[in-house]
Amino acid sequence: MAINVTVYSNGNSSSKTINVDFACELLSSSYAPLDNQIKYFFKISTTAKDTSNATYFPAKVLKGLGGANLALNGTKQAVSNTAADYSTITELIEDHIYDMVTGHEANKNNSGVSYRPPMKFP
Amino acid sequence: MGIIYIYNEEDNSRLQINVELKYGFLASELASANRSEYYLEITPNFRKANGSAFNKFVVRTLTDVAPGATTPATDFQELIDDYVDYFMTAAEMALSSSSSSTSSSSSSEGYSSSSSSSSSSEGTSSSSSSSEGTSSSSSSEGTSSSSSSS
């Protein structure tokens with residue numbers, strides 16, 4: 001069963017939900033003829049928008065604990081300025097949730113990431 | 001939750017391996033972590049070939065691999081693939097039997113097993129029948145044997 005993480009904004013007295021789940025599914029982005037292997041990955045998604053009110057957060061598909069699975073552009077962790085792999089599933093999920101909620105400035109920690117506004121409450 | 005379905009041709013059953021994401025305290029990690037954690041709980045709904053139940057596996061990191069698998073796993077794809085291999089092997093689902101075999105199946109406690117009298121020129125054959133609470137099996141290369149218990 002998926003885990004619904006509720007994020008409460010003290011200043012706005014409102015909350016948003018982030019859905020975290022582990023999937024065993026075909027993945028459209030990596031599907032190719034003769035390569036229809038079921039993929040195993042974490043999915044992090046939300047119906048919340050960022051403060052620009054323009055776009056929904058894209059779902060995060062996380063296949064491992066390092067490399068392209070790091071929160072900032074696949075090069076750095078969001079909380080710490082490090083390119084090291086996450087050591088646990090907990091670190092992986094919490095770092096991505098942190099990045100979703102707080103957003104990040106362009107090229108944070110020299111990651112090359114583009115600007116992302118924080119999550120919008122309410 | 002991710003569910004991996006396995007169709008067992010031997011008895012026309014559909015088995016599954018559940019991979020569920022959970023969040024909570026892990027007693028084994030309390031001394032070091034002292035907090036709730038995200039982890040995967042991997043459980044099959046079928047049993048080993050000898051009738052015994054599989055342990056429930058808890059995965060916190062890519063080093064929590066299946067018994068006998070390479071640690072750490074490269075990614076979650078490899079991690080789960082290794083668990084599937086482990087369960088399939090321990091349940092002896094990939095073994096084949098000769099075409100002259102006869103088979104019957106009995107089921108108890110939510111799983112099914114098959115028994116057969118067969119000989120095989122390759123590998124081993126084993127047969128077992130199980131009833132509630134007990135099971136036994138024996139096998140030897142190139143010969144067939146059977147046992148039953150009730």
Side-chain angles (χ1 to χ4, degrees), chain A residues 1-7 17-32 35-46 59-71 74 77-79 84-101, chain B residues 1-7 14-45 56-66 69-88:
Chain A
M1 183 176 295
I3 293 175
N4 291 318
V5 179
T6 299
V7 183
T17 300
I18 297 174
N19 183 275
V20 186
D21 201 2
F22 189 79
C24 303
E25 300 168 355
L26 290 174
L27 194 57
S28 64
S29 61
S30 59
Y31 179 82
D35 182 23
N36 53 356
Q37 183 185 13
I38 299 292
K39 304 295 183 187
Y40 307 120
F41 53 93
F42 285 94
K43 289 190 292 189
I44 303 180
S45 60
T46 180
K60 292 173 179 275
V61 173
L62 306 172
K63 304 176 184 178
L65 291 181
N69 305 290
L70 297 178
Q77 296 188 21
V79 173
D85 292 2
Y86 299 108
S87 58
T88 63
I89 292 171
T90 299
E91 285 186 13
L92 171 80
I93 292 173
E94 290 187 343
D95 200 54
H96 279 273
I97 288 176
Y98 170 86
D99 185 54
M100 269 184 155
V101 174
Chain B
M1 175 172 71
I3 301 176
I4 301 162
Y5 292 105
I6 302 167
Y7 177 67
R14 189 173 78 161
L15 310 174
Q16 64 188 55
I17 300 171
N18 298 323
V19 185
E20 188 172 2
L21 177 64
K22 292 197 169 183
Y23 181 72
F25 286 98
L26 287 168
S28 59
E29 303 296 329
L30 271 179
S32 56
N34 196 27
R35 51 156 297 171
S36 291
E37 296 186 271
Y38 292 97
Y39 59 95
L40 296 175
E41 193 174 84
I42 304 177
T43 52
N45 74 342
K56 188 176 291 187
F57 291 93
V58 170
V59 174
R60 297 173 59 247
T61 180
L62 289 175
T63 58
D64 295 325
V65 298
T70 302
T71 182
T74 307
D75 52 24
F76 297 117
Q77 189 72 31
E78 181 181 321
L79 180 90
I80 301 299
D81 279 344
D82 285 344
Y83 271 102
V84 174
D85 285 347
Y86 165 70
F87 291 132
M88 296 283 282

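To find a chain, count down the sequence lines: A is the first, B the second, and so on, and within it residues start at 1. In this text, all values refer to a predicted model and were calculated from it rather than measured experimentally.
At a 4.5 Å heavy-atom cutoff, the contact between A:L65 and chain B is made by backbone and side-chain atoms alike. Only the backbone of A:L62 comes within contact range of chain B, with at least one heavy atom under 4.5 Å from a heavy atom of that chain.
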Given A:V20 and B:L21, is the side-chain contact (heavy atoms from CB on, under 4.5 Å) satisfied, shown in steps?
CA-CA 8 Å; A:V20 186; B:L21 177 64; 3.5 Å; yes

Residues A:F22, B:I42; criterion side-chain contact (heavy atoms from CB on, under 4.5 Å); working and verdict
CA-CA 11 Å; A:F22 189 79; B:I42 304 177; over 6 Å; no

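Most heavy-atom pairs under 4.5 Å with chain A: of the set B:L40, B:L62, B:V19, B:V59, this distinction falls to B:L40. Taking chain B as the reference chain and counting heavy-atom pairs below 4.5 Å, the highest number among A:G67, A:G66, A:G64 is found for A:G64. For the set B:I3, B:L79, B:I80, the entry with the most heavy-atom pairs within less than 4.5 Å of chain A is B:I80.
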Give the atom names and distances for all donor-acceptor pairs closer than 3.5 Å across chain A and chain B.
| unit_1 | atom_1 | unit_2 | atom_2 | d |
| --- | --- | --- | --- | --- |
| A:M1 | N | B:E20 | OE2 | 3.4 |
| A:D21 | OD1 | B:M1 | N | 2.8 |
| A:D21 | OD2 | B:M1 | N | 3.0 |
| A:F22 | O | B:G2 | N | 3.2 |
| A:I38 | O | B:Q77 | NE2 | 3.0 |
| A:Y40 | N | B:Q77 | OE1 | 2.9 |
| A:K63 | O | B:F76 | N | 2.9 |
| A:S87 | O | B:T61 | OG1 | 2.7 |
| A:I89 | N | B:R60 | O | 2.8 |
| A:T90 | OG1 | B:Y38 | N | 2.9 |
| A:T90 | OG1 | B:Y38 | O | 3.3 |
| A:E94 | OE1 | B:R35 | NH1 | 3.1 |
| A:E94 | OE2 | B:R35 | NH1 | 3.4 |
| A:E94 | OE2 | B:R35 | NH2 | 2.3 |

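In plain terms, the two heavy atoms of A:C24 and B:G2 that are nearest each other are SG-CA, 3.5 Å.
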